[in-house]
Number of protein chains: 2
Amino acid sequence: MPDQFTHRGSRRRTLVDRVREALLADLFSNEYSAGDQLPNEGELAERFDCSRATIREAVRGLVDGGYLVRRHGTGTFVTAVPRHRHTLNANLSYTAMIREAGLEPGRRLVHKVTRPATDDEAEALQLPPQEPVLSIERIRTGDGVPVVFSVDRIPVAVLGGALDDVGDSSVYSLLDGLGTSVTEAMASLRPVVADKRLARMLDVPVGSPLLHIEQVDFDAAGRPVMLSAEWHVPDVFELCVSRRRDAPGL
Amino acid sequence: MPDQFTHRGSRRRTLVDRVREALLADLFSNEYSAGDQLPNEGELAERFDCSRATIREAVRGLVDGGYLVRRHGTGTFVTAVPRHRHTLNANLSYTAMIREAGLEPGRRLVHKVTRPATDDEAEALQLPPQEPVLSIERIRTGDGVPVVFSVDRIPVAVLGGALDDVGDSSVYSLLDGLGTSVTEAMASLRPVVADKRLARMLDVPVGSPLLHIEQVDFDAAGRPVMLSAEWHVPDVFELCVSRRRDAPGL
DNA sequence: GAGTGGTCTAGACCACCGT
DNA sequence: CGGTGGTCTAGACCACTCC
């Protein structure tokens, strides 16, 4: 696997990155399988010729990613839970989700227009009133069957001259190219039932359940760069959330 | 605020914990508001009389919790996004969610029984077939109005002698007391429409949308300790997910 | 008690951002 | 350029788990 482990942007690959990638490669090889215990942190530090702090940082990343679990006083183990569920926590690209579900991803452009932002849009995107935004309505398909209808709104100021390129490829890669990569997002979830228009577009009966997601995407500087509304057909892929009980305070 | 910052179980409060809590208290006081920059890590280390590594660990927790953002080369800032939305990521207690929404939480026991686990339950909870589990069906209310119907299943072996106490108070605090605190959970989300039974229990029309959550709760050792099925009435409180784009590798 | 991960320190240097 | 967060080290001690 030559460059399976590219990172976003052009961030320098640190020692921690290299150690993490080496460990991950081990996990995907046949060296380890579910439930196996890793060597202790001291041994790993010696093997990779680095400090234990560096090992801990690398392992932390793999724990966050769901690959490993640490048990105080016992050891570090390879996760037993199946990977490749589609956890909302660390995935932004639906195209990738559809592909991982074993379906051929496709998309159909429904509508694309540049217009002044509505009051709600301006507030969510922290723009002056009436500021122009590009609105793109699309239907995503898996093996030709509709799975998501989405309306994405992006400030024209963010897009610069790349206005016409939107819709052809992933919005996220486009934004990467513009130097305003999305790194964080806040999604709000609500169940709804399909009205006539949604039913027609998603090819489901009127009144059938859909998951509605309203999402704001932020770039590394914390600026909102996109507002999305999505309607998901259930049961095509399983949407999961990994939850924790370690919020500080509260 | 006397004991606002209690932690799960009886884990020792570390220096990092104390620093994090002190910072959080500052954030909730009027000392800082959205967008403000914190003192740099060196100054904080001096103020709290600890090393910079300790400060970084404390701040990391607050960044994970969505309270702060770090910008390399620039500084650490108070998040602009509204806090106190109910992000699924870091909250497990619905009672707390309802209370934070400004409603008076209540619960009504619908059904409680000890019975052999079904095959699905045994698999999810990693139990031998037919192993006895306690099943509790409850309706949670906010200001008396139904907001969630839940079915929680807990292995009797986990509960020990505390079988009768379940239902009176929070399941999570009960498990805390038994030394099997829930620290992690995986939730699967699906929109559904209310059938007759759900409609009656949640006091909504048949066919109205509900959010169905299937969740497995794990203790610190990674053992599954509870399987929950929940049906949420939408719009009572906003369910959010904070999403990231930093999965290592992949 | 032996072995593991968890916390903490003091200090060094690097990479990024703004002026 | 100065100031910020990011990475990294070497070593110490603590807390948990299991035998």
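Proteins come first, then strands; the chains are lettered A, B, ... in the order of their sequence lines, and each starts at number 1.
Put simply, CG on B:D17 is 13 Å from C1' on C:dC8, counting in whole angstrom units. Put simply, CZ on A:R20 is 15 Å from C1' on D:dC8, counting in whole angstrom units. In this entry the distance linking NE2 of A:H72 with C1' of C:dG5 reads 5 Å, nearest Å. Atom CZ in B:R60 sits about 14 Å away from atom P in D:dG5, given to the nearest Å. Look at CZ on B:F77: it is 11 Å from C1' on C:dG18, rounded to the nearest Å. Straight-line distance from the CG atom of A:L15 to the P atom of D:dC8: 5 Å, rounded to whole Å. C:dG5 atom C1' lies 13 Å from atom CD1 of A:I55, rounded to whole Å. If you measure from atom CG of A:L62 to atom P of C:dG5, you get 14 Å, rounded to the nearest angstrom.
The salt bridge (Lys or Arg N to Asp or Glu O under 4.0 Å) search around A:R115 returns A:E121, not counting sequence neighbours. Residues that satisfy the side chain to side chain contact (heavy atoms under 4.5 Å, CB included) test with B:T114, not counting sequence neighbours, are B:P132, B:L134, B:V156, B:L163. Considering only residues two or more places apart in sequence or on other chains, A:D120 meets the side chain to side chain contact (heavy atoms under 4.5 Å, CB included) condition with A:T118. Residues forming a side chain to side chain contact (heavy atoms under 4.5 Å, CB included) with A:T74 (at least two apart in sequence, or on another chain): A:R71, A:F77. Applying the side chain to side chain contact (heavy atoms under 4.5 Å, CB included) rule to A:N40 yields the partners A:E43; only residues at least two apart in sequence or on another chain are considered.
The residue among A:T74 and A:T54 whose nearest nucleotide of DNA chain D lies closer to the 5′ end is A:T54.
Note that OG1 of A:T76 and CD1 of A:I55 are 10.5 Å apart. Values are rounded to the nearest 0.5 Å.
Against DNA chain C, the stretch residues 36-53 of chain A makes heavy-atom approaches under 4.0 Å through A:N40, A:E41, A:R52.
Between D:dT7, C:dC8, C:dG5, one nucleotide has an atom nearer to the side chain of A:R56 than all others, and that is C:dG5.
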